[in-house]
There are 2 protein chains.
Amino acid sequence: MPRHQKPTLNDVARESGSSIATVSRAMSQPELVQPQTLERIREVAARLGYVPNRRARALASGQSETIGVVVPTLNSPIFSSTLQEMQRSFAANGFQLLIASHEYDAASETAALAQLVSHGVDGLIVVGAKRAPSALAVLKAARVPIVQLWEGSADHDRVTVDNHQAGYLAARHLVDIGHRNIGVICGHLLNNDRQSARVEGIRAALEKDGLTLARTKISEQPLTISAGRAGCMTLLQMLPRPTAIIGTADLLAIGALFEAQGRGIAVPDALSIAGIDNVDVAAHLSPSLTTVDIPAANIGTEAAALLLQRLRGENTGPAARIALPVTMVVRHSTARAPG
Amino acid sequence: MPRHQKPTLNDVARESGSSIATVSRAMSQPELVQPQTLERIREVAARLGYVPNRRARALASGQSETIGVVVPTLNSPIFSSTLQEMQRSFAANGFQLLIASHEYDAASETAALAQLVSHGVDGLIVVGAKRAPSALAVLKAARVPIVQLWEGSADHDRVTVDNHQAGYLAARHLVDIGHRNIGVICGHLLNNDRQSARVEGIRAALEKDGLTLARTKISEQPLTISAGRAGCMTLLQMLPRPTAIIGTADLLAIGALFEAQGRGIAVPDALSIAGIDNVDVAAHLSPSLTTVDIPAANIGTEAAALLLQRLRGENTGPAARIALPVTMVVRHSTARAPG
DNA sequence: GATCACTATGAAAGCGTTTACATCACGGAG
DNA sequence: CTCCGTGATGTAAACGCTTTCATAGTGATC
């Protein structure tokens, strides 16, 4: 019987002389079938190379063992660490990840969410809380557990990182060592509440000391090293020149560092530079980068744990919140303000 | 009728006074239904908030609009650029990506592949050709188009990057500028044909000039900056000390660069360092890193194009191969051998 | 006016599972 | 010896969609 189709439950049932229901049980609830029958079925299944069809299983059971994840980009060092850990946790529990990215475009995000929901994911992981009303509607209609990363709202489980605090710490550090004129290079603030919160944190720290963060001292840039350089160049042209620069993402700070060095400006003696994220390379640069550590990998682990609990029904309570700490990492790219 | 279930085709059919078949056609082949009927159906569908259930669609049609991707890691700069572009291309064509990573563990890879296949992906993208026999069996049984990235075998479509050539170019460059004693820091060679090929390329370039690559001059490391530092440290202890080091991944080379600088060894005057990959940061370091450019983003784009062609039946011919060029990028971390 | 091709629609059979519900055999309780 | 609970298995109805095939209606053709 050389059929060239994949074998189905039916085939196994016929070959093993059991009913299709018994075979189904043998696959998913083996404790319900007699050991002897079970073994016979398993032997046949192995011989035929039977692999359960999850699409059918998903349709019948309403569970797809699939988690949808939507992130802004896949190739940022931060998100990719988070993803890596998330994938590890979910895979260990039999779940696959459907991953989409939207590159900070609201329409793409809505589309991605809609697609994932229509694919029937069992759970959803999203970054940030702020989003287009249409996207919110999609999430609402999805009727599956949702975990928000980074920033969250009270109506869903969330793993938050205090971005405001991260900005605050970075600015506080610089103010503490005498800086009064601080420039900021940040990502585009539209559709990005992580970046917005960091900038607000910086503002708060400055205002506490009676300083203000003028709009002109903020350079909005894409989140790349080159953009960091460009932002740095802009800020350095201002008079009086800032004595310190905060990049609200390490990539930006690193770009700024390179740009300053390229122009012969001594870091940290003539210019202090601080970042936020603590990416791998930050510790190795010279001078090593002062930054605020964001536990990116942990975010992934915790988010997976939270979602798995919901899926298993172990947590039916109100929306949980796991707030991960951010910590200042003072290295050698910052120093007391000159003069 | 406030049912709290998601509306189905049936609901739309009832409300719009058409049959379920017509509604189905209105959704997926609108040209087959009369404009007037179509509009009525669309109006009802919109009012009910109907979203097609792709699980059911997949089961009935045999197409899931889902592509499985298995990569070693998600958080490498190289793979994540590839993924980003791939995701972009597929999303533009209505496909979602099921992404898994195995962290260079053969068993995990087999498991991931099996899961993806059982999920019923329409196509599969894998990295490299060499894999465990069990994994090959899974691929064979999958009966879906497969695209191999980086290294490929003749039985599948593939987007290759000549890793051998990349290694060759890097070594050739160093030999050309007078280096005779070259150390190599590479990733673990087991289960990683990209790394193996790069090392072999280096070996070939050296042997062409009558040089040999002693096993002792190769340091196998994980693919991280810290590991690059460690590898560099090991190599620097050898006597005579190598005058040049190749990191077969930029992260390794960057680590080596930092380590050398940390030890007060002038790069490139006392020690030349070259990498392979051309990651973003390479151009910005000081000295900027001499490396071999690997078109990571292109790999994603091309792979998606290849797979989409197969899925659309536009290409039913023999396995295609797209070989992307690698190019030497000489910067300032390499210089003529001292003496 | 009968025939034909064609279009728009409907009825119904799957797709491969899961899962009530029914059945049956068996053994212990009364 | 009958009754009933129990455990193993089977039957069949979903799950929500696609798709084949049949049907009815519409003009055009001879």
Side-chain angles (χ1 to χ4, degrees), chain A residues 3 5-42 44-45 48-66 94 115 117-122 141 143, chain B residues 3 5-42 44-45 48-66 115 117-122 141 143-144:
Chain A
R3 286 172 56 203
Q5 299 300 318
K6 291 192 191 174
T8 73
L9 262 196
N10 226 320
D11 298 327
V12 179
R14 189 168 1 86
E15 289 280 311
S16 71
S18 300
S19 81
I20 179 173
T22 304
V23 178
S24 169
R25 281 187 278 259
M27 292 299 148
S28 34
Q29 307 167 65
E31 69 277 9
L32 290 186
V33 15
Q34 223 175 9
Q36 169 187 346
T37 316
L38 182 57
E39 180 167 2
R40 184 159 33 86
I41 292 177
R42 287 201 166 145
V44 173
L48 262 45
Y50 170 74
V51 175
N53 178 330
R54 291 178 117 103
R55 311 204 273 224
R57 181 180 289 188
L59 181 56
S61 72
Q63 306 258 278
S64 66
E65 286 164 317
T66 277
Q115 269 212 42
V117 170
S118 124
H119 261 293
V121 296
D122 290 341
R143 303 181 180 290
Chain B
R3 286 171 57 203
Q5 298 300 318
K6 292 193 190 174
T8 72
L9 261 196
N10 227 322
D11 298 326
V12 178
R14 190 169 356 87
E15 289 279 311
S16 71
S18 299
S19 81
I20 179 176
T22 304
V23 178
S24 169
R25 280 188 278 259
M27 293 298 150
S28 33
Q29 306 167 63
E31 69 277 9
L32 290 186
V33 14
Q34 224 176 6
Q36 170 187 344
T37 316
L38 183 57
E39 180 168 3
R40 183 161 33 86
I41 291 177
R42 286 202 167 142
V44 173
L48 263 46
Y50 170 73
V51 175
N53 177 328
R54 291 178 115 100
R55 310 204 274 224
R57 182 180 288 191
L59 182 57
S61 72
Q63 306 259 276
S64 65
E65 286 164 317
T66 277
Q115 268 213 41
V117 170
S118 125
H119 260 294
V121 295
D122 290 342
R143 300 181 182 290
V144 297

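Small disclaimer: the values here were computed from a predicted structure and weren't measured. Throughout, protein chains are lettered first and strands after them, A, B, ... in sequence-line order, and every chain is numbered starting at 1.
Counting only distance, with no hydrogens or angles, the side chain of A:R55 and the backbone of B:G120 share a donor-acceptor pair below 3.5 Å. Here the side chain of B:D122 pairs a donor or acceptor atom with the backbone of B:S64 at under 3.5 angstrom.
Applying the salt bridge (charged side-chain N to carboxylate O under 4.0 Å, His left out) criterion to A:R54, with sequence neighbours excluded, gives A:E65.
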Grab the N/O contacts between the protein and nucleotides 4-8 of chain C below 3.5 Å, and write none if there aren't any.
{"from": "C:dA8", "atom 1": "O3'", "to": "B:Q34", "atom 2": "OE1", "distance (Å)": "3.4"}

Once base and sugar-phosphate atoms are separated, protein heavy atoms under 4.0 Å mark nucleotides 13-20 of chain C, 5' to 3', with B, S and - as -BBBBBBB

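Rounded to 10°, the angle separating the first-five-pair axis and the last-five-pair axis of the helix from C:dG1-D:dC30 to C:dG30-D:dC1 equals 60°.
Between A:V12 and A:I41 the shortest side-chain heavy-atom distance falls below 4.5 Å. For the pair A:L9 and A:Y50, the minimum side-chain heavy-atom distance is below 4.5 Å. Here the side chains of A:V51 and A:K6 are not in contact, with every heavy-atom distance at 4.5 Å or above.
Closest of all the heavy-atom pairs between A:L48 and A:P7 is O-CG, 3.3 Å. Annotation for B:T66 and A:H119: closest pair OG1-CE1, 3.1 Å, computed over non-hydrogen atoms.
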Check: residues 17-38 of chain B side-chain donor-acceptor pairs under 3.5 Å, at least two apart:
{"from": "B:S18", "atom 1": "OG", "to": "B:R40", "atom 2": "NH1", "distance (Å)": "3.4"}
{"from": "B:S19", "atom 1": "OG", "to": "B:A21", "atom 2": "N", "distance (Å)": "3.3"}
{"from": "B:S19", "atom 1": "OG", "to": "B:T22", "atom 2": "N", "distance (Å)": "3.3"}
{"from": "B:S19", "atom 1": "OG", "to": "B:T22", "atom 2": "OG1", "distance (Å)": "3.3"}
{"from": "B:S28", "atom 1": "OG", "to": "B:S24", "atom 2": "O", "distance (Å)": "2.9"}

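Of all nucleotides in DNA chain D, those with any atom nearer than 4.0 Å to a heavy atom of chain B start and finish, going 5' to 3', at D:dG16 to D:dT20.
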